[in-house]
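Have a look at the structure below before the remarks.
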Amino acid sequence: MTSLDPSRLQLPDKPALEGLEAKWTERWEASGVYRFDRNRPRADVYSIDTPPPTVSGSLHVGHVFSYTHTDAVARFQRMRGKAVFYPMGWDDNGLPTERRVQNYYGVRCDPSLAYDPTFAVPDKPGKQPVSISRPNFIELCNRLTAEDEKAFEHLWKYLGLSVDWSMTYATISKRAQRVSQLAMLRLLHRGLAYQLEAPTLWDVDFRTAVAQAELEDREMPGAYHRIRFGAGGARSIEIETTRPELIPACVALVAHPDDARYQPLFGTEVTTPLFRVPVQIRAHPLADPEKGSGIAMICTFGDVTDVTWWRELNLHVRAILQPDGRLAPVRFGQPGWESDDPTRAQELYAQLEGKNVNKAREQIVQLLRDSGDLVGDPRPITHAVKFYEKGDRPLEIVTSRQWFIKAIEFREALLARGRELDWHPPYMQSRYENWANGLNGDWCISRQRFFGVPFPLWYPLDATGRVDYARPISAEEARLPVDPSTDVPPGYRADQRGVAGGFVGDPDVMDTWATSSLTPQIACGWADDPDLFARTFPMDLRPQAHDIIRTWLFDTVLRSHLEHDSLPWAHAAISGWVLDPDRKKMSKSKGNVVTPLALLEEHGSDGVRYWAASGRPGTDTAFDPAQMRVGRRLAIKLLNASKFALGAAEPQGAIVASVDRAMLRNLVALVGEATEAFEAYDYARALQRTETFFWRFCDDYLELVKGRRYGDQGPEGAASANSALTAALSVLLRLLAPFLPFVSEEVWSWWQEGSIHQAAWPVPTELESLMADNSAAVCQVDQAAYECAIEVLFEVRKQRSEAKQPLKVPITRVIVKADALHVEQMRIVEADLKSALRVQVFDVSVGDPREIVVQGYQAVAS
RNA sequence: GGGCGGUUAGCUCAGUUGGUAGAGCACCGGCUUUACACGCCGGCUGUCACAGGUUCGAGUCCUGUACCGCCCACCA
């Protein structure tokens, strides 16, 4: 590993970084250095659950940042002898892709249409979107994502990710669909998935259900309206609400059981304003006596608290919101809509029907004002409102039929899984705990969208043509994946679709996380490659960002727990975000101003990787081109220092000089530190330590041995220096290879066989064995001599700099006074120092205090 | 409201069992030195957020406070 074969040594005259990315990506691909060896047993495999980036546009700086972290770990493990299973995935399944395809081609999906094999996209997207069938729409999604994925792959290769590109998967691929559908059917058959008609969080623009994990709060202006119930009756009650438009949906009033003001009223009825609908006054501990008037109206449904009250108080439903967010038609006087004055109620409601919530709110406020039921003016406030994270309007709660995966009843088991997982950094586990503890419902996985994995289910139609949801027809496992909108269920004919006595397909697709939560199963071949699965699952590492612990990480743990009764991986490495210079999360728009590829071209991939790898696990890191320039400088330094170290690398021989041995022993300590850091997933620490060592190696050690290695102390001294130099270079190159894969490979190729990325990670013994005597006494003397040399080097440089003397002017005399031990050591290093510092005479004597004085400079004839 | 991080030089950040505050960048000065001017050498820079406590000794441990960021919950 460290030996030098002069016959294969090839040093460039002027080494440079330019072109290394293109040169080495091509060679690595040709030689297959990163190919996964699937013959190795599980114990020799290191498998990585790569995050599949969303394919809907372009990658940004944040991707470059976190994927570099994973790649450094992958390279470390590979060098340690593991067969690294490092696939890439594309997340091309989901709403962002759908939206992009709609805009890009000017189409919209209409699932009721039949597939048109002759469909051709318009040259330019027209003003009116063209309606196309679901299969046609999916074809377009596939077409556009394929283009994006090509660009992504190019960027990843240019960055130097050591991915095995033959193992790439896409979340919309047949394989992923098969895994998703198979896992869904298994859960269904085990009673762990169920469908339910229930109030569900609903986005009125996308017209789909969304899951708890996809919510975010946004501050919105609103207003408290004080409204009188029961006006004209025996008593009236005032409530406060921000959503007066839901008064028609009111099913009860509620106050705290201990609230003396309302205790006498519990169980009695009042009528709603305007519509004169009688509602009961009920007690529930969730009602807060401090808020408003201490009594609230319960509507079906204004928010999730309404759902809780509705469920726990066994109230009935008066739903007025339609899936499109408009107020539905209602017949007052009919069962469930009793009113003291149905005709008047209907007249008033007619002014709201068909309006969206904002319009309806304006209107009802006017009506309440007119009727005198609005007490005072609305009081404007700002409050947090729940949104779908990709949506533009507040979420509503709409009753609909959805599929759920059981999660709540496994809370304790999932918490235990979280503790079993090895978190890097460890404190990230608390986010998982928070989330698991705060779960308030099972996981709604059905979405009323198109570009996703369909449910592999159909439903029978009874003799009257009604859908029998209670008896879903499962697809046969062997036929997966299926599309129930075009495929026919077992036992039926195609012409029975949609007719009485026939069948209909389940129209929904799965939540994108329902597929993403199966990335280990998809990547490892759970459904179609049991041999691969056995060698790679449970996986070793899940790298990901902290913002999706509650979604991707949690859901993956849940799926693996349910399906395999195990963790999906042993380690979770959580990366931070890239922050703007103004400390905000780097937005996509800003990130796209400087495209990742332009960054890589400007600073070199190694330079950018250096910046990325400096970001510690879990820590947000500032976007900092200055650090990329530092990384580039490091790479250039490595080229030049290597050229020097190898430039006159003969003769080689026994390592006899103290400074050589001390340097190598310090390097042994570095190997230990870097290895330990990497084992703890602290790549940043490994890099930082190695880098610090390397610069000292260049600035001090190389300068110190330069003259000796050119032969000014004879062949034995030169041989010692040369052997130490090549040994150190070999180790340093390998320590830096995970971070700077291009430059380290380039230098390696000057003098070594094979790829550095398949070379063995350095170990202490390879250096220790080069030294004849490693006894404590020898080590101590060597180390002291080395430190003495560095001290003199530093002090004389300083004095020369202060004297503003050019280096070419030799120093006549340096007086060194020190204790007896240091005087002894000076003798050992004097010759090296003389040539490094151009000192003619060292006048060394025992003296106190210790001092180093440069006494004179010799004028040289110009 | 609950939780998790953070606060160290102008900037970005190290600081691993408590022992004289560090690096890089930036800035200033010097230097063509046969690995490197895409370079080299040197210099300047600090109430370690604040207040208490433990200790011979605290950037480091404990308690509290402030501010920044994030996660979760509540949002009539």
Side-chain angles (χ1 to χ4, degrees), chain A residues 11 14-18 217 219-220 222 224-227 239-243 246 253-255 286-288 291-299 302-306 309 381-386 425 427-435 437-438 440 546-547 549-550 576-577 579 581 583-585 604 611 614-616 618-624 626-627 629-630 632-648 673 676-677 680 682 684-685 688-689 691-692 695 698-699 702-703 706 710 793-794 796-809 836 838:
Chain A
L11 289 184
K14 191 91 181 144
L17 299 178
E18 282 67 29
D217 286 352
E219 289 291 327
M220 295 287 288
Y224 280 128
H225 303 74
R226 196 169 185 95
I227 289 161
I239 61 109
E240 287 205 342
T241 179
T242 55
R243 303 206 57 185
L246 293 178
L253 299 188
V254 66
L286 265 184
D288 183 351
K291 271 187 191 146
S293 54
I295 187 161
M297 72 169 178
I298 303 174
C299 303
D303 60 35
V304 289
T305 319
D306 279 344
W309 281 326
I381 53 156
T382 303
H383 61 158
V385 179
K386 284 196 193 311
Y427 61 76
M428 285 296 176
Q429 194 204 332
S430 63
R431 304 214 179 185
Y432 176 96
E433 297 248 340
N434 273 351
W435 179 252
N437 281 319
N440 58 26
H546 50 63
D547 53 335
I549 289 175
R550 65 173 178 166
W577 281 338
L579 302 178
R583 307 259 80 190
K584 293 270 180 281
K585 184 187 177 186
W611 159 75
S614 306
R616 306 185 93 74
T619 307
D620 295 344
T621 299
F623 176 73
D624 190 358
Q627 282 303 106
R629 286 191 284 273
V630 172
R632 184 181 168 79
R633 228 167 54 109
L634 174 63
I636 292 167
K637 191 74 172 175
L638 193 55
L639 286 176
N640 288 312
S642 302
K643 185 184 162 198
F644 169 76
L646 300 171
E673 269 190 295
E676 202 178 309
D682 195 351
R685 184 186 178 80
Q688 185 223 316
R689 293 307 163 107
E691 184 201 9
T692 302
W695 281 105
C698 291
D699 295 345
L702 290 189
E703 293 301 326
K706 200 175 266 184
Y710 280 130
L793 192 64
F794 178 80
V796 174
R797 275 172 175 172
K798 182 175 165 174
Q799 291 187 32
R800 182 198 287 277
S801 184
E802 280 164 359
K804 303 198 172 174
Q805 288 289 336
L807 245 175
K808 65 181 174 187
V809 177
R838 300 206 172 185

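Lettering follows sequence order; numbering is per chain, from 1. In what follows, every heavy atom counts, from backbone to side chain, and hydrogens, waters and symmetry copies are set aside.
Stem regions annotated for RNA chain B: B:1-7 with B:66-72, B:10-13 with B:22-25, B:27-31 with B:39-43, B:49-53 with B:61-65, counting only runs of 3 or more consecutive pairs of Watson-Crick or G-U type with both contacts under 3.5 Å.
Candidate nucleotides B/C41, B/C70, B/C13 were compared by shortest atom distance to the side chain of A/Ala622, and B/C13 ranks first. In this structure, of B/C74, B/C71, B/A35, it is B/A35 that holds the atom nearest to the side chain of A/Ala641.
Nucleotides B/G42 and B/U33 have their C1' atoms positioned 15 Å apart, rounded to a whole Å. Between the P atoms of B/U20 and B/U60, the separation comes to 14 Å (whole Å).
Scanning atom types as modelled, one donor and one acceptor separated by under 3.5 angstrom connect the side chain of A/Asp217 and the base of B/C74. With hydrogens and angles ignored, no donor-acceptor pair closer than 3.5 Å exists between the side chain of A/Ser801 and the base of B/G43.
For B/C75, the OP1/OP2 oxygens have a side-chain nitrogen or oxygen of A/Thr305 closer than 4.0 Å. Contact annotation: A/Arg616 reaches the phosphate of B/G15 (side-chain N/O to OP1 or OP2, under 4.0 Å). A/Lys804 has no side-chain polar atom (N or O) that falls below the 4.0 Å cut-off from OP1 or OP2 of B/G29. The phosphate of B/C72 (OP1 or OP2) has a side-chain N or O of A/Arg550 nearer than 4.0 angstrom.
Residues that satisfy the side-chain hydrogen bond (donor to acceptor under 3.5 Å, both in side chains) test with A/Glu691, not counting sequence neighbours, are A/Tyr610. Listed by chain and residue number, A/Asp217, A/Glu219 satisfy the side-chain contact (heavy atoms from CB on, under 4.5 Å) test with A/Ala384 (two or more places apart in sequence, or in another chain). Partners of A/Glu433 under the salt bridge (charged side-chain N to carboxylate O under 4.0 Å, His left out) rule, at least two apart in sequence or in another chain, are A/Arg419.
The separation between A/His546 atom NE2 and B/G3 atom C1' is 15 Å, rounded to whole Å. For the pair A/Lys798 NZ and B/G42 P, the interatomic distance rounds to 10 Å; values are reported in whole Å.
Remark: side-chain polar atoms of A/Ser801 are not paired, donor with acceptor, to backbone N or O of A/Arg797 under 3.5 angstrom.
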Please write out the pairs of protein N or O atoms and N or O atoms of nucleotides 5-11 of chain B separated by less than 3.5 Å, giving the distance to one decimal.
none

Just the atom pairs and distances: protein N or O near nucleotides 37-40 of chain B's N or O, under 3.5 Å.
| unit_1 | atom_1 | unit_2 | atom_2 | d |
| --- | --- | --- | --- | --- |
| B/G39 | O3' | A/Lys637 | NZ | 3.4 |
| B/C40 | OP1 | A/Lys637 | NZ | 2.5 |

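Along RNA chain B, the nucleotide nearest A/Thr692 and the nucleotide nearest A/Arg838 are compared for position; the residue whose nucleotide lies closer to the 5' end is A/Thr692.
Side-chain atoms of A/Leu634 and A/Trp695, non-hydrogen and from C-beta on, do get closer than 4.5 Å to each other.
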